[in-house]
Amino acid sequence: MSELAKTYTPGDAEERWYSFWESNGYFHAEPVPGRTPYTIVIPPPNITGILTMGHVLNNSIQDVFIRWRRMQGYQTLWMPGTDHAGIATQNVVEKSLAREKLTRHDLGREEFLRRVWEWKEQYGGTIIRQLRKLGTSCDWQRERFTMDEGLSKAVQEIFVRLHERGLIYRGKYIVNWCPKDHTAISDDEVNPVEHKGHLYYVRYRVRGSGESIVIATTRPETILGDVAVAVHPDDERHRRLVGATVIVPLAEREIPVIADSFVDPAFGTGMVKITPAHDPNDYWVGQRHNLAQINIFDVSGRLTGPVPEKYRGIDRFEARRMIVQDLESAGQMEKIDDHTHAIGHCYRCDTIIEPYLSDQWFVRMKPLAEPALRAVQQGTVRFHPDRWVKTYEHWMLNIRDWCISRQLWWGHRIPVWYCGNKNSADPRCREPIVARTPPSACPHCSSADVRQDEDVLDTWFSSWLWPFSTLGWPDDNRGLRYFYPTNTLVTAPDIIFFWVARMIMAGMEVMRDIPAPDGSPRTTDAAIVPFRDVYFTSIIRDMKGRKMSKSLGNSPDPLDVIAEYGADALRFTILYLAPLGQDVLYSNEKCELGRNFANKIWNAGRFLLMNREQLGIPGTTTIHAGWSEDHIDLADRWILSRLHSTSAALSSSLEEFEINQATKLLYDFIWHDFCDWYIEMLKARLYGDEPQEIKQRVLLRALNVFEKILRLLHPVMPFVSEELWHGIEERPAGISLMTAAFPVPEERWIDPGTESEMAFVQSAINAVRNARGELSVPPSREISLLVHFTDGSKGEIISRYRNYFLRLAKVTDISELGSGKRPKHAAGLVIEGGEAFIPLEGLIDLGAERERIEKELARLHVMVGSIEQKLGNPNFVDRAPREIVEKEREKLQSMRSSIEKLKGNLERIAG
RNA sequence: GGGCUCUUAGCUCAGUUGGUUAGAGCGCUACCUUGACAUGGUAGAGGUCAUAGGUUCGAGUCCUAUAGAGCCCACCA
C-alpha cells in the first residue's frame, strides 16, 4: 500500500492491469466439467476496420456480461476474432495497387491474394489491438479469423452438406453489373445519382382485338426483352386485361398480361412491362410468375441475342435513341414526359450500372428459416428489446433465396469444379462437381481438365457459422460440446438479417449432430440454437442526432477519448448513456461524467486508506478478517442495507439486460449514499472521542463495504476497481479482483426500519441545511438547535445522533425546549414528530424568515387543498384501495400539523 | 406505401405492473478551498410531462386521433 495520488490517473493503471490479467491467464477458458459455462462470441470486426464508438458500446456491454458472469463463478469464454470482409478488404488493397498504377488483373489472382494476406498480416490486427485498450477480457489465445484454415474447412463443409440436402443450387440472378469494369458490384457500391430523364409512353397492341394499351417506361430499349405486362390485381381499370396477350412493339413477340401486387396503379398508366433480365423488380416478378428471362445485352452493354438484326452490337444508349425514333415512326410512341429519377452509377468508374443476369449460387432459405422462426417465436432465442421479433418474423416469412456467390478474389473460393472435357459424351460432365477436397480428375470421364469455380462466397457465408466454427466445428470436440450454445449475442440491429437470423439457421441446421457435453444427443431447440439472448445495441449519434460518419468528421476516435478520460470513464459513460434499444447522442465532453465518477471512487478509497494508516491498522490485517459487527450504528446498518439492496437491484438489472439502469444504480449508491452520507457520517466517528480500537473496527467495516463496492463496480469499471482493490490491501501475487465473488445480497442486512430511521435523520439534517442556506447563515458559523418533540422516539433519535448533526450541519448543541417557549430571533424548522429552532440572535433577518415560512405555507395549502378534494370525493374513498386512502389521510394530517407549526412560527416572529 | 420508435427542466435523458410533493447529469444562481475529492461540497431557481379527446376514484404511465422527430423494409417502372 502506497500513498494514492490526489486524482486518479488512468493511463498507467490500464496498461499495468491489462497485461497482468492477460499474462496470468484470466481471460482464458477451458471446459470444466460440472461448472456452468457462459459464452459470448464477439461480432467479428472487419480487418479493415478501426475502433468506433459503436464498437466501444458493443464491446463494453459484452465485457460487462462476461466479467459479471465470471465473478459469479461461471466458466466464462469470450471468443474474439475478425472477419475477412471480402469486398472492403479487396477494395483497400486494390486502392493501394492503384497508387502503383496496377490493377489486380495485372498481378493475377495468386499474386493479388498474396498481397491481400500481406496487408492482413500488417494491418488486420489494428482493431483487435485497439479493443484491448478498452479492457475487453477476450480469450485472445482462441482468436479466430474467418479465413483461418479451420473456419475455411467449416465453410466448405456446410456448402457441401447443404448441396447434398438440395439446399444449394446454381441459377441466374440479377446483379449490379458495370459494363466498363466487367464485374458485378454489391448494392453498397452502387452510387445512386439523380438523373433528368424521360418517361416514354409506348403503345402495345392487344392480340385479337383492335385495342391497344399504353405502358410507361424509362428504358424503352429494354422492350426487346419484355416477357409480360403486369397490372395490379385490384386495379378495376385493367382487370379485364389479365390473361390477354399483347404484342411487343418492334420485336413483334406475343406476351401475356399478368396480375402482381408490386404494380403501383397510381404511377404511369398502372401497367408495367416486365423485363426480368434487366430490372431487379421485374426479375422478382418473373420468379413469382415463372417467366422467361430474355437477355438482350452483352457484358459491355451492347445489344445482342434475340433482337432485330438492325440493333445488334449497338450500345445501350444509342439503341435507346434508335428505338425511340422507330417507335415514333411506327406510331407507337404515345408521348414523352420529363422524368427525374435516381440511376445507379459504379462507385469506381461512374459508369451507369446495368442490372444484369448472371450465373450465381444460391441457398434455398425456406427450409432453413422455418426452425429459425420457430426458435424466436417460442422464446428459445429471446430478443432484447423484443420489438425486433416482429421485424424478424416479417423477414422470415417473406424470405428470399440467398445469393452466396461473389465475383471477387478475396474470400472463400466456392468448392465447385467443372469438367473441361467438352467432348465428353457423359452429360454429367456438364454438371458442377461439388467436393470437400479438390478433385484431381473428372469423376465421370476422368479428364484431368477440371477447373474450380472462379467466384468466392459472400462474406456472411463464413460469419453465419461463427458461433460454432470458432469452436472447431465441423470437428466434434470438448470445447464445442461444452461452450455451445453460447449465451448472449450483442450486436447492432441493422445486421439482424445478414447475420443474426442466418446464425440461428446455420446452428439449428448442423448442431444437432454434435453431442451435448455429457455425450447425450441434442434433442431440443435450446441445445442447438447458437445463443439464447440477443442484445441489440443502440446507435451512437452526434449531439445533433446525426449518424457518426467519416465524411461528416463527427466520429471521435475512442483511443483519443481513452487517453484523455480513461477507459473506465469511457465505458461507464457510454453504458450510462445507452438505454436498451434507443439511439444515443454522444459527445466526448460527456465522458466527464465517467471521469468524475472514477475520480470520486478513487478519492473515497484514498480517504479510507489514509485513515487506515492514521489509525495504525497493521498492513497484515486483512479487510475481511477485520470485519466486525461490534459498535455498529445507524450509518453502518444503513449503508449495509443500501449495499445489499443495491447489489440485488444491480443483479436483476443485469439479468434483464438493463445495463444503463445498472450503471445508474452504481452511480447513485456510490456517490450519493456512500460518499455524500456514509463517509461524512463516518468522519463523525473517526474524528470523535471513541477509543482508537473502536475507530479501527468502524474503519475496517467501512473498508469491507468499500471492497464489496469495488466488486460490484468491476464489470463496468475494471481498471480503477482493480487498482483500488490492490490499493486498500496487500494481495498475494497474481490475485485479481476479476475472479473475486460477485456480491450476493444478504437479506438480513436489508432493513426498511433502518432505512426509514436514516431517512428521518437525513430529512432533519436537510431541514437545518435548508434553513441555513435560505437565511444565508455562513457555512462556518456554528449553531445550536432547540428541539421540541411530541413524538419522543424521534427526539431520542436526534439526540442519539447529535454527532452527525455536528458533522453534517455544524450543529454544536442540541437542547430540549420547554413547551410553549419559542425564541423570537430564530429560524423555525418543521420536523416529523416535532419542531426545532435555530437561535440566530443578531444574525436572523426576520423578514427573510417570514418569507420563508409563508412560501412553505402557500405550498402546503395548495397540497392540502388537493388532498381534501380527493378525500371529499366519495368515489375515491369507496373505490381506491384502502391503503391508498389511508396514506392520503395520513398525509393530510401531517400537513395540517405542519401548517399549525408554521402558523405558530409566524406568530412567534410577529410577537 | 408497410412496420417500428420517440416527444418529460435551457440541453441530454431516467421515470418498472396507473397511486407520496415528477427525478438525475450538464448548464445557471448564491455561498464554501472544512483534515478524500474544486474532476469537490451545501443550498437554490427552472417542468400546464407535444396537442386534443377518451377509459378510470385517480393518467407522465393505458386507449384513440392530430402535430412534429427519427429508424428499418419495400420502392415510382
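In what follows, chains are A, B, ... by sequence order, proteins preceding strands, each numbered from 1.
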Remember a base hit wins even if backbone is also touched, and classify [X] as base, sugar-phosphate or nothing at under 4.0 Å, heavy atoms.
X	result
K590(A)	sugar-phosphate
I884(A)	base
P493(A)	nothing
R859(A)	base
F597(A)	nothing
H672(A)	sugar-phosphate
N766(A)	sugar-phosphate
K891(A)	sugar-phosphate
K6(A)	sugar-phosphate
R606(A)	sugar-phosphate
T217(A)	sugar-phosphate
D676(A)	sugar-phosphate

Of the listed nucleotides [options], the one nearest the side chain of [X]:
X	options	answer
A604(A)	U5(B), A36(B), A77(B)	A36(B)
N603(A)	C37(B), A77(B), A14(B)	C37(B)
Y687(A)	G35(B), U12(B), U5(B)	G35(B)
N599(A)	A36(B), G70(B), C37(B)	C37(B)
K855(A)	G40(B), A45(B), C4(B)	A45(B)
R541(A)	C31(B), G70(B), A77(B)	G70(B)
P779(A)	G41(B), C31(B), A43(B)	C31(B)

Find which nucleotide of RNA chain B each of Q614(A) and A216(A) is nearest to by heavy atoms, and output the residue with the more 5' nucleotide.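 The 5'-side residue here is Q614(A).
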
On RNA chain B, compare the nucleotides closest to M863(A) and V584(A); which residue's is nearer the 5' end?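 Taking each residue's closest nucleotide, the earlier one in sequence belongs to V584(A).
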
Could you state the atom-to-atom distance from [atom1] of [X] to [atom2] of [N] in whole Å?
X	N	atom1	atom2	answer
W395(A)	C73(B)	CH2	C1'	12 Å
I867(A)	G19(B)	CD1	P	16 Å
L775(A)	G44(B)	CG	P	12 Å
I496(A)	C4(B)	CD1	P	14 Å
I679(A)	G35(B)	CD1	C1'	14 Å
F497(A)	C71(B)	CZ	C1'	13 Å

Got a donor-acceptor pair under 3.5 Å from the side chain of E680(A) to the base of A36(B)?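 Side chain to base: pair present.
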
Which base, if any, makes a Watson-Crick or G-U wobble pair with [N], both distances under 3.5 Å?
N	answer
A45(B)	none
C76(B)	none
G40(B)	C32(B)
G68(B)	C6(B)
G23(B)	C13(B)

Could you measure between the two [atom1] atoms, the one in [N] and the one in [M], and give it in whole Å?
N	M	atom1	value
A45(B)	A30(B)	P	15 Å
G23(B)	C32(B)	P	29 Å
A50(B)	G70(B)	C1'	15 Å
G18(B)	U56(B)	C1'	9 Å
G40(B)	C26(B)	P	7 Å
G3(B)	A65(B)	P	12 Å
C49(B)	G53(B)	P	13 Å
U64(B)	C72(B)	P	25 Å

Using modelled atom types only, decide if a donor and an acceptor are shared between the side chain of [X] and the backbone of [Y] within a distance under 3.5 Å.
X	Y	value
R769(A)	L808(A)	yes
R772(A)	P778(A)	yes
D260(A)	V285(A)	no
K695(A)	L686(A)	yes
T269(A)	V214(A)	yes

Would you indicate, yes or no, if [N] has its OP1 or OP2 atom less than 4.0 angstrom from a side-chain nitrogen or oxygen of [X]?
X	N	result
N660(A)	A14(B)	no
K664(A)	G25(B)	no
W671(A)	G41(B)	yes
N281(A)	C76(B)	yes
N596(A)	G40(B)	yes
K390(A)	C4(B)	yes
Y392(A)	C72(B)	no
N875(A)	U56(B)	no

Does the cation-pi check pass for K600(A) over F674(A), that is, NZ or CZ under 6.0 Å from the six-membered ring centre and within 45° of its axis?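 Ring-cation test returns no.
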
Heavy atoms of other groups near R781(A) CZ, more than 12 under 6.0 Å: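 Buried by this count: over 12 neighbours within 6.0 Å.
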
Verify the distance criterion only: is there a donor paired with an acceptor across the side chains of N588(A) and Y586(A) at less than 3.5 Å? yes

For the residue pair Y392(A) and F383(A), does the interplanar ring angle fall in the parallel (under 30°), tilted (30 to 60°) or perpendicular (over 60°) class?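 Y392(A) and F383(A): perpendicular rings.
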
So which atom in R606(A) and which in N603(A) form the shortest heavy-atom distance, rounded to 0.1 Å?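 It is NH1-OD1, 3.0 Å.
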
